[in-house]
There are 2 protein chains.
Amino acid sequence: MNGSGSPTLEEVAALAGVSRATVSRVVNGSPKVLPDTVAAVEQAILQLGYVPNRAARALVTRRTDSVAIVVPEPDSRVFSDPFFARMLSGVSRTLAPTPSQLVLLLEPAEADDQRLLRYLRGGHVDGAIIISHHGRDNILQELAQLPLPIVFSARPLGVDVPVASVDVDNVAGARTGVQHLLSIGRRKIATIAGPLDMTAGIDRLTGYQEVMKEAGLPAMVAYGDFTPDGGEQAALRLLDDHPDLDGLFVASDLMATAALRVLSQSGRRVPADVAVVGFDDSVLATTTTPKLTTVRQPVEQLGSRLAEILLAKIAGEEHTTAEIYDTELVIRDSA
Amino acid sequence: MNGSGSPTLEEVAALAGVSRATVSRVVNGSPKVLPDTVAAVEQAILQLGYVPNRAARALVTRRTDSVAIVVPEPDSRVFSDPFFARMLSGVSRTLAPTPSQLVLLLEPAEADDQRLLRYLRGGHVDGAIIISHHGRDNILQELAQLPLPIVFSARPLGVDVPVASVDVDNVAGARTGVQHLLSIGRRKIATIAGPLDMTAGIDRLTGYQEVMKEAGLPAMVAYGDFTPDGGEQAALRLLDDHPDLDGLFVASDLMATAALRVLSQSGRRVPADVAVVGFDDSVLATTTTPKLTTVRQPVEQLGSRLAEILLAKIAGEEHTTAEIYDTELVIRDSA
DNA sequence: TTGTACGCGTTATCAT
DNA sequence: ATGATAACGCGTACAA
């Protein structure tokens, strides 16, 4: 026993009557150790409750067995959206059976980008997953160029080097949603789009615009910022400008919930007067009245895949492609 | 430069023309270093982009500068509730200015408790925050007895040793909510309680029962599991058993949203026919129709305080008391 | 004030 | 198959 209470390799070796090296081999599953020796060592490990010292190991292997999940967003919007928790859940699920631990790097207050970059460059983690929504400054570009395995949760805006990323097909998802509104007979279809400094905002708007154009219908757009407040403002503007609209495609469930409320308060029935389609299929979608018809993104799966790719990159594989996953229309009561 | 690309103390020393030890002193802010020397060293550090190797440092200091946030819940309910993200945000906020990193320990699949305990005992982190909702098995008891600074996010059920914990006054919060229903003239007040293996479930029910008893009114209770589905089932049962109820106190916003929907579908108007009060003040509360009146818990603050206490314990302070924070009634449209 | 020298617990190389 | 032994990068008595 050393001072800190944890037994060391040395002590296990002494108890098992072998050398440090042999114990190390057993711990790391080396094939060339006599079964008898293995048994003796394992017995000693059990008896002492030995746990390898990660710091010592990291020092020599130059691997930390930990990966970072980075949220380089100074504002707390990320947290109010259930999206983030689902992502985390997915990442964690594929990391669980590996030795890798999840280190959370958040930028809660004013952006101290240099600190973040220093940390990532300092060899404290083996790789990083970037959950970023905005193309803020050029932090994404700097992250992309780090000499460290990195994957992005969405095609990072304004980055001109090839990166690995995982995302849903936002354009196609939006198309599905708008087409559904068309298919149930709506013609005066407006959209509440997300901010244009996020790929999700841009692409979902594009999908809406494409379908409307193909149908020969005029586009009606208001912008929100993916928050309930933003959704509310946008919905009010829309009703003001186009009181006769009969369909509404909203770029996120969080904003859609607010829109539903605004519609209801304006005396409109959903879906009878105005049919509403959201985007995400978050927990929120089933808490509204009526339940929200929405475009589901498989967020947990994205997170899971993100982790898989990162692990592969850490293992040395090249990977600089954008993986795109399909969305799925979930029809409930609002459209 | 060594193989990994990061410069070492040695290289900084060479460039600055001093010894390793002196550089180390500068890095760690030792007071007795000549200003000139400090300047020279800092210049060298900057020039080389030196970052201390955390593994090497941890090896000798026996501190890891990282704390764990542990969610020993095998099911994913934690993630569907915005509560968790807010907690994380609070913890992260007070950790940000410190050197400590946040390590996330989740138990996504079947509980591998021993693995978790081994990890925590292995000196990989300096301390841990336990976010636990259930009194599952005796994992909490085992955690509480670990030779490691630990704080709990709520008074842990079934633990008979003194522990440090932070929570809101759930009894008082529930009382406030129910009293509000009384104050607006409701007399047939039911509750949707949480599960009785969580302190939040028990205490909020207690608060409800106390107030009802004091008012000489009969209690009407249905149980949910803090999910929307559970809330829906409970609401249906309640309406079935007590079709004439005019007030409803729901132990969580997530369940309350479902209850609102059930009430609406049953043809009842909220708050005209039935007034509803939730608990949490999560993002959900403003997404419903009508907006939810609810008992706010300062979740970010709890997380923040949790981190503060943990840091203090790591620094050597004793701390085994339960800190209780106040809730606040947020009156919106549902009651 | 600064430098020397040792030890932290592990892996990896090289003998045996 | 196993055992010495040398790194890994850093902090810190102890010396100077």
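Here is how names work: the chains are called A, B, and so on, in the same order as the sequence lines, proteins then strands, and each is numbered from 1. Keep in mind that what you see is a predicted model, and the values were worked out from it rather than measured.
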Do any side-chain atoms of residues 302-310 of chain B form donor-acceptor pairs under 3.5 angstrom with protein atoms, and if so which ones, sequence neighbours left out?
unit_1: R305(B); atom_1: NE; unit_2: E323(B); atom_2: OE1; d: 2.8
unit_1: R305(B); atom_1: NE; unit_2: E323(B); atom_2: OE2; d: 3.2
unit_1: R305(B); atom_1: NH1; unit_2: E308(B); atom_2: OE1; d: 2.7
unit_1: R305(B); atom_1: NH2; unit_2: E323(B); atom_2: OE2; d: 2.7

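In this structure, R63(B) atom CZ and dG9(D) atom C1' are separated by 19 Å, rounded to whole Å. Spacing between atom CG of L9(A) and atom P of dG7(C) amounts to 18 Å, rounded to whole angstrom units. The nearest whole Å value for the distance from the CD atom in E10(B) to the P atom in dC8(D) is 10 Å. One atom, CG of N53(B), and another, P of dA7(D), lie 18 Å apart when rounded to the nearest Å. Atom pair R54(A):CZ and dG9(D):P shows a separation of 19 Å (rounding to whole Å applied). Rounded to an integer number of Å, the gap from CG of L59(B) to P of dA7(D) is 17 Å. Counting to the nearest Å, the P atom of dT11(C) and the CG atom of D65(A) are 11 Å from each other.
Direction of the helix axis in the helix from dT1(C)-dA16(D) to dT16(C)-dA1(D) shifts by 30° between the two five-pair termini, rounded to 10°.
Applying the side-chain hydrogen bond (donor to acceptor under 3.5 Å, both in side chains) criterion to Q47(A), with sequence neighbours excluded, gives Q43(A). Residues forming a side-chain hydrogen bond (donor to acceptor under 3.5 Å, both in side chains) with Q141(A) (at least two apart in sequence, or on another chain): D160(A). Under the rule for a ring-ring contact (aromatic ring centres under 6.0 Å, His included), the partners of Y119(B) that lie at least two apart in sequence or sit in another chain are H124(B). Take A68(A) and apply the side-chain contact (heavy atoms from CB on, under 4.5 Å) test, not counting sequence neighbours, and it matches V70(A), L105(A), L120(A), V125(A), A128(A). Every residue meeting the side-chain hydrogen bond (donor to acceptor under 3.5 Å, both in side chains) condition with R63(B), not counting sequence neighbours, appears here in chain and number order: D65(B).
Here the side chain of T61(B) pairs a donor or acceptor atom with the backbone of R57(B) at under 3.5 angstrom.
Sorted by first and then second residue, the side chain to side chain donor-acceptor pair (under 3.5 Å) pairs involving residues 147-156 of chain A (not counting sequence neighbours) are R155(A)-D203(A). Residue pairs meeting the side chain to side chain donor-acceptor pair (under 3.5 Å) criterion with at least one partner in residues 29-41 of chain A, sequence neighbours excluded, are absent. Pairs engaging residues 39-55 of chain A under the salt bridge (charged side-chain N to carboxylate O under 4.0 Å, His left out) rule: none recorded [sequence neighbours left out].
Taking only side-chain nitrogens and oxygens, R57(B) never comes nearer than 4.0 Å to OP1 or OP2 of dC8(C).
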Please list, pair by pair, any protein nitrogen or oxygen found under 3.5 Å from a nitrogen or oxygen in nucleotides 3-5 of chain C.
unit_1: dG3(C); atom_1: OP2; unit_2: S19(B); atom_2: N; d: 3.0
unit_1: dG3(C); atom_1: OP2; unit_2: S19(B); atom_2: OG; d: 3.1
unit_1: dG3(C); atom_1: OP2; unit_2: T22(B); atom_2: OG1; d: 2.6
unit_1: dG3(C); atom_1: N7; unit_2: R25(B); atom_2: NH1; d: 3.4
unit_1: dG3(C); atom_1: N7; unit_2: R25(B); atom_2: NH2; d: 3.3
unit_1: dG3(C); atom_1: O6; unit_2: R25(B); atom_2: NH2; d: 2.5

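Comparing atom distances between the R62(B) side chain and each of dC10(D), dC8(C), dT10(C) picks out dC8(C) as nearest.
Taking each heavy atom of V168(B) and I324(B) in turn, the nearest pair found is C-CG2, 3.8 Å.
Less than 4.0 Å separates DNA chain D from at least one heavy atom of each of the following residues of residues 27-42 of chain B: N28(B).
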